[in-house]
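Worksheet: the structure to be examined is printed underneath.
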Amino acid sequence: MDSTGIVIGFWVLSAITVVSSLLVLVARNLMHALAFLVLAFLGMAGLFITLSADFVAVAQVLIYAGSISVLMVFAVMLTPLASRDNGNSLYVLPGVVAGLGIASLVAFVAVDTEWAERTGAALAESDFASTVGEVGRLLLGRYVLAFEVASVLLLIGLLGAIVLVQERRRAATQSPDEAADTGARDGGAL
Amino acid sequence: MIPIENFLILSALLFAIGFYGVMARRSAILILMSVELMLAAVAINFIAFATYLDADAFSGLVFALFVITVAAAEVGLALGIVLRLYRERRTANVDEADSLKW
């Protein structure tokens with residue numbers, strides 16, 4: 001924790017993370033926004049490594065930068081018309097005000113509080129020791145109930161996603177949007 | 001030596017950026033990305049607290065893992081909803097999904 005390498009790493013990685021998450025919101029193209037989001041997640045994984053949380057960093061790269069971004073790519077690709085139209089809503093000003101308010105409030109609390117930080121030797125002890133074994137012991141020991149609930153949550157999420165996106169084919173009746181589409185097409189032809 | 005405040009302020013910034021995205025953008029997919037940013041900012045907080053304050057130093061890591069799990073489940077479900085919305089309405093903008101609006 002004391003080495004200058006970690007300090008430099010912290011500043012570089014946090015600059016990368018903040019700038020690319022700002023660019024997520026600036027980019028007009030959803031695919032570009034997605035690329036910047038992946039960059040932000042990779043920067044966060046690097047920050048986790050500077051906090052000597054190696055297992056969470058690897059999980060972050062695998063799950064966030066890997067699978068979640070691939071899911072997002074699918075969503076962008078499957079909504080081709082919608083991803084062209086990517087403007088702001090009416091709530092830009094309230095969003096700026098509320099965002100700045102939240103950031104300054106949390107930053108004030110963070111600076112104002114006297115944290116009972118572990119320093120020096122106690123903190124140096126946790127430097128780059130592998131966390132995998134202890135995390136696994138906690139997951140299957142003290143937090144085993146939460147672990148099981150998380151697996152049930154993932155199962156239900158899987159089932160819910162399947163139920164949501166499956167086509168309900170009715171042979172005789174047309175679904176309303178198809179009717180609207182054909183109506184619009186007929187109107188255009190006339 | 002980096003003080004813990006740096007990590008907390010960084011996480012507050014990321015959370016605020018994500019909150020602005022949720023408020024200000026129309027595309028449901030971009031709103032999802034912003035929600036992911038907010039969740040990841042919370043995970044940074046958990047890990048900073050785990051490293052700097054926790055005597056066991058590992059409970060925060062477990063909580064961050066749970067945050068990542070919930071984010072994965074949430075994004076799967078929400079993208080299903082977005083695809084469904086696009087199929088029904090030919091749009092993925094949240095301000096056009098207003099059937100429930102009185």
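Quick note on labels: first sequence line is chain A, next is B, and so on, each numbered from 1. What you are looking at is a predicted structure, and each value in this text was computed from that prediction instead of being measured.
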Legend entry - Donor-acceptor contact present, side-chain A:Arg142 to main-chain B:Ser59, <3.5 Å: no

Inset, instruction - Enter the distance from A:Leu25:CG to B:Met33:CE here, rounded to the nearest 0.5 Å. - result: 10.0 Å

Legend entry - Whether B:Thr51 side chain and A:Leu51 backbone form a donor-acceptor pair below 3.5 Å: yes

Inset, instruction - Spell out the residues in residues 64-71 of chain A that have some non-hydrogen atom less than 4.5 Å away from a non-hydrogen atom of chain B, in order of number; otherwise answer 'none'. - result: A:Tyr64, A:Ile68, A:Leu71

Legend entry - Interatomic distance, A:Gln60 atom CD to B:Ile47 atom CD1 [nearest 0.5 angstrom]: 7.5 Å

Inset, instruction - Go through A:Val109 and B:Leu8 one step at a time and tell me if the side chain to side chain contact (heavy atoms under 4.5 Å, CB included) criterion holds. - result: CA-CA 9 Å; A:Val109 172; B:Leu8 300 185; over 6 Å; no

Inset, instruction - With a 4.5 Å cut-off on heavy-atom pairs, point out which of B:Ile4, B:Val82, B:Thr69 contacts chain A the most. - result: B:Ile4

Legend entry - Contact origin within B:Leu39 toward chain A - heavy atom pairs under 4.5 Å: both

Inset, instruction - Please identify each residue that fulfils side chain to side chain contact (heavy atoms under 4.5 Å, CB included) with A:Val135, with sequence neighbours left out. - result: A:Phe55, A:Thr131, A:Leu139, B:Phe58, B:Leu61, B:Val62, B:Leu65

Inset, instruction - Applying side chain to side chain contact (heavy atoms under 4.5 Å, CB included), run through B:Ile44 and A:Phe48 and close with a yes or a no. - result: CA-CA 7 Å; B:Ile44 290 182; A:Phe48 292 165; 3.5 Å; yes

Legend entry - A:Met44 versus B:Ala40, closest heavy-atom pair with distance: SD-CB, 3.2 Å

Legend entry - Region of B:Val70 in contact with chain A, defined by heavy-atom distances below 4.5 Å: both

Inset, instruction - Mind listing the closest non-hydrogen atom pair of A:Met72 and B:Val75 along with its distance? - result: CE-CG2, 3.7 Å

Inset, instruction - Could you tell me which residues satisfy ring-ring contact (aromatic ring centres under 6.0 Å, His included) with A:Phe10, sequence neighbours excluded, listed by chain and number? - result: B:Phe7

Legend entry - Top contributor to chain B interface from A:Ile102, A:Leu93, A:Val163, A:Val106 [non-hydrogen pairs under 4.5 Å]: A:Ile102

Legend entry - Distance-minimising heavy-atom pair for B:Ala12 and A:Ala107: CB-N, 4.4 Å

Inset, instruction - Pick whichever of B:Leu85, B:Leu32, B:Leu83, B:Leu13 has the most heavy-atom pairs under 4.5 Å with chain A. - result: B:Leu83

Inset, instruction - Look at B:Gly80, B:Ala78, B:Ala24 and state which one has the largest set of heavy-atom pairs under 4.5 Å with chain A. - result: B:Ala24

Inset, instruction - For residues B:Leu77 and A:Gly160, report the shortest heavy-atom separation together with the two atoms involved. - result: CD2-C, 3.6 Å

Legend entry - Toward chain A, the part of B:Leu14 with a non-hydrogen atom under 4.5 Å: side chain

Legend entry - Side-chain heavy-atom pair B:Tyr20, A:Leu100 within 4.5 angstrom cut-off: no

Inset, instruction - Please examine the side chains of A:Leu37 and B:Leu37, heavy atoms only from C-beta on, and report whether any two atoms are closer than 4.5 Å. - result: yes

Inset, instruction - Check whether B:Ile17 and B:Met38 end up in the same hydrophobic cluster, where Ile, Leu, Val, Met, Phe, Trp and Tyr are linked by side-chain heavy atoms less than 4.5 Å apart. - result: yes

Inset, instruction - May I ask you to name which of A:Val97, A:Thr113, A:Leu22 has the most heavy-atom pairs under 4.5 Å with chain B? - result: A:Leu22

Inset, instruction - Check each atom of A:Leu34 against the heavy atoms of chain B and say whether the ones under 4.5 Å are side chain, backbone, both or neither. - result: both

Inset, instruction - With a 4.5 angstrom heavy-atom cut-off, could you sort out which part of B:Ala28 is near chain A: side chain, backbone, both or neither? - result: neither

Inset, instruction - State yes or no: do B:Val35 and B:Ile81 share one hydrophobic cluster built from I, L, V, M, F, W and Y residues joined by side-chain heavy-atom distances below 4.5 Å, directly or via other members? - result: no

Legend entry - Test side chain to side chain contact (heavy atoms under 4.5 Å, CB included) applied to B:Ile68 and A:Val56, step by step: CA-CA 9 Å; B:Ile68 293 176; A:Val56 186; 4.2 Å; yes

Inset, instruction - Examine whether an atom of A:Ile63 lies under 4.5 Å from a heavy atom of chain B, and if so say whether it belongs to the side chain, the backbone or both; otherwise answer neither. - result: side chain

Legend entry - Spacing of B:Ile9 atom CD1 and A:Ser14 atom OG [to the nearest 0.5 Å]: 11.0 Å

Inset, instruction - Consider only side-chain heavy atoms of I, L, V, M, F, W and Y, link residues closer than 4.5 Å, and tell whether B:Phe49 and B:Val42 are in one cluster. - result: yes

Legend entry - Contact class of B:Glu74 relative to chain A, heavy atoms under 4.5 angstrom: neither

Inset, instruction - Go through the steps to decide whether B:Leu79 and A:Phe74 satisfy the test side chain to side chain contact (heavy atoms under 4.5 Å, CB included), and finish with yes or no. - result: CA-CA 9 Å; B:Leu79 289 178; A:Phe74 270 110; over 6 Å; no

Inset, instruction - Could you pull out the closest heavy-atom pair between A:Gly99 and B:Phe19, with the gap in Å? - result: N-CD2, 4.1 Å

Inset, instruction - Could you pull out the closest heavy-atom pair between B:Leu30 and A:Ala33, with the gap in Å? - result: CD1-CB, 4.3 Å

Inset, instruction - Would you check if the side chain of B:Arg87 reaches a backbone N or O of A:Val165 as a donor-acceptor pair within less than 3.5 Å? - result: yes

Inset, instruction - Counting only heavy atoms closer than 4.5 Å, note whether B:Ser34 contacts chain A via side chain, backbone, both or neither. - result: side chain

Legend entry - Verify same cluster id: A:Trp11, B:Tyr52 (apolar side-chain graph, 4.5 Å): yes

Inset, instruction - Could you have a look at A:Leu164, A:Val111, A:Val18, A:Ile162 and say which one has the most heavy-atom pairs with chain B under 4.5 angstrom? - result: A:Leu164

Legend entry - same_hphob_cluster(A:Val144, A:Val132) at 4.5 Å side-chain heavy-atom cutoff: no

Legend entry - Which residues share a side chain to side chain contact (heavy atoms under 4.5 Å, CB included) with B:Phe63, sequence neighbours left out: A:Tyr143, B:Phe46

Inset, instruction - Heavy-atom distances under 4.5 Å only: say whether A:Phe108 touches chain B with side chain, backbone, both or neither. - result: neither

Legend entry - Gap between atom OH of A:Tyr91 and atom CZ of B:Arg25 - 0.5 Å precision: 16.0 Å

